[in-house]
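Working notes for the structure below.
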Amino acid sequence: MYTLKRTQTCGALRASDAGRTVILNGWVEARRDFGGVLFIDLRDRYGKTQVVFRPEVDAALAELAQSLRFEFVVAVRGVVKARPAEAVKKGMETGEIELEATGLEILNESKAPPFEVTDEAAASDEMRLKYRYLDLRRRPMQRNMVTRHRVLAAFRESMDAQGFLDLDTPILIKNTPGGARNFLVPSRLWPHQFFALAESPQIFKQLFQVAGMDRYFQVCKCYRDEDLRADRQPEFTQFDLEMSFVDEGDVQAAVEQAVSHVFQKVLGVTLPTPFPRMTYAEAMDRYGSDKPDIRFALHLVDVTDLARASAFRVFSEAVATGGIVKGLCVPGGGTMSRKEIDELTTWVKGVGAKGLVWLKGEGGTLGGGSAKNFSAEELAALRSRLGANDGDLLLFVADERGRCKVALGGLRTMLGQKLKLVKEGSWEPFWVVEFPMFEAGPEGRPQAKHHVFTSPMPDDVALLETEPLKVRARAYDLVLNGVELGGGSIRIHRKDLQRRVLAVIGLQEGDIRDKFGFMLDAFDYGAPPHGGIALGVDRFVMLLLGLDSIRDVIPFPKTQKGQCLMQSAPGGVIPKQLDELHIALKPAPEDGRAG
RNA sequence: GGGGGCGUAGCUCAAUUGGUUAGAGCAUCGGAUUGUCGAUCCGAAGGUUGCGGGUUCGACCCCCGUCGCCCUCGCCA
């Protein structure tokens, strides 16, 4: 119990409140002591208000206020006063007033915080994660969390308006190898048996369709035990939806409506719909990426034909061994230093490419770098093919097809950011469509690129057994500003086609029965045509806020090694727990990371 | 598993490229200060330079190993 319960929040008071007696509760954000008069900035989720203590108003109170320190939690009663004209703080919502204190209750003291709880993130990621509750107290993080809430609220609003049902699915499910590595949960009641944490609600949402729950959606947690990235966490959140009696266009339209609604509600931005479509083949050829940032026009240009006959062996040999040569013309990139170009080369080699060939537009032809390896005619042809001007930088990668695209596509993205080619504040969502059904696995055997329930395009079904790698899928990814927001597909709803697809990836009848038996059984009982999609909530919020790490929009994220620095999770368990689970531990690996 | 960056006071950083007493700002503590809002001024305290080993007359600096944080490739249907 405490006596001075707040009557207002710290962001509420304005000049029109002058003369009122109110009570504020909050944290001490700043303290300015003039010996006589003492100022305190009081903060809560809603804002910040200056409190002033004066000895002439209450000497004992002013003395008590001297003991206040950063992050003390206090309750202050006082009279709202208009500030003297010269003391008005511009740019502060409550800057026209201050609270002249007549009562103070220290609700809790605080140790000196390990870092300052200020708007500027002056602390390292490590400190922020260890003391996450203090990091979250900072205004920018509070803003991020509020935005996250508003995005979720707007999404649910749109889904409800479109007639979707919010239904949940189990987190503890059966382990099915393939796809992302699962987190495993041992079963106490069934010794030697394990649950897996759901990596997505995929199977269940399809079974909802079999069950007639047309138009399902959910905001759900997903778990994948894979390596982390700036935009990947082992535990993340998806907008998940699935619909019956639909084709690609219906799912995309539903998503466009929901995404547009979120943009309108959260940013006040109107997105033109429908979103443009681009085929996977075009994305890879022109951008070297299946999630290109199309906000800047920097395209990969194929010069394989020119390279084939070149005297420059780096080019001709790459082509002779079945590779390709592609180039990128960076407008104005000629000013980049040798050192900067070397950094690009280092990166390219890091992704497995052999190297980077570079030239600069100068004197009406091309010079610098590898120019001496080409004839004048070749330089002219390259310059013309890439549309280069004097002052431009030309970058080429000659390599195996996939590596070439990945290397140049990566360079394109890096240069777009480095040279600020991107129009800030622009939003260009689009769909990448016609993904390949399969990709070559380790031993050349086709693997599902999306997942095994994805339907092939009708025109390509005949190729399933003969040229599986040429079969295109009825799959689609939603891409926004170079980020893959999510992907989905029209599913296979007929058992005969499903069996053919499973056979292509080499699953034996026994395996099929073991892994997907219940799914196929369900399809025996009238599965409707259906399809859906899942979008990454964390990435979505990150994009809306213009941030570049997913960690800043997840309240309690893990480090890149998958640890929670605040809890020190994961951690060990006591022998009794292991006994109950009938689990014996093998010796820990040498790196000493065992709990 | 591979490539790269970083690790120095509670926090954020510096240390003339190997030279003897490792500095600054903020925070902390003490003092001064009656209109500030990153308050100001004076003073104090604060260090196993992530950890282990090596090279050297001498190591924050060079070498090897290791741990941690970040970026990235693989991986993530």
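Letters A, B, ... mirror the listed sequences (proteins, then strands); counts begin at 1. Keep in mind that this is a model prediction, so the values were computed, not measured.
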Checking A/Glu120, A/Glu29, A/Glu93 against A/Arg139 for salt bridge (charged side-chain N to carboxylate O under 4.0 Å, His left out), the one that qualifies is A/Glu29

Looking at the side chain of A/Arg224, which of B/C76, B/C75, B/C37 is the nearest nucleotide?
-> B/C76

Closest nucleotide among B/U34, B/G1, B/C37 to the A/Ala87 side chain | B/C37

Phosphate contact (B/G68 OP1 or OP2) by A/Gln560 side-chain N/O below 4.0 Å = no

Rounded interatomic separation in angstrom, taking NZ from A/Lys90 and P from B/U36 | 14 Å

If you check the A/Ser549 side chain, which of B/C69, B/C71, B/U12 turns out closest?
-> B/C71

Taken to the nearest whole Å, CG/A/Asp125 to P/B/C70 is 6 Å

Tell me which nucleotide among B/C76, B/U28, B/A39 gets nearest to the side chain of A/Phe70.
-> B/U28

For the base of B/U33, is there a side-chain donor-acceptor partner from A/Arg32 under 3.5 Å away?
-> no

Classify the side chain of A/Glu116 and the base of B/U12 as holding, or not holding, a donor-acceptor pair under 3.5 Å.
-> no

A/Glu56 side chain, from C-beta outward: closest of B/C75, B/U28, B/U34 = B/U34

Closest heavy-atom pair, A/Gln50 versus A/Arg83, reported as atoms and distance to 0.1 Å, is CB-NH2, 3.5 Å

Base of B/C69 paired with side chain of A/Arg128 (donor-acceptor, under 3.5 Å) = no

Aro-ring/base stack A/Phe39-B/U36, d under 5.5 Å, angle under 30° | yes

Using only heavy-atom distances, decide whether a donor-acceptor pair under 3.5 angstrom links the side-chain of A/Arg232 to the base of B/C75.
-> yes

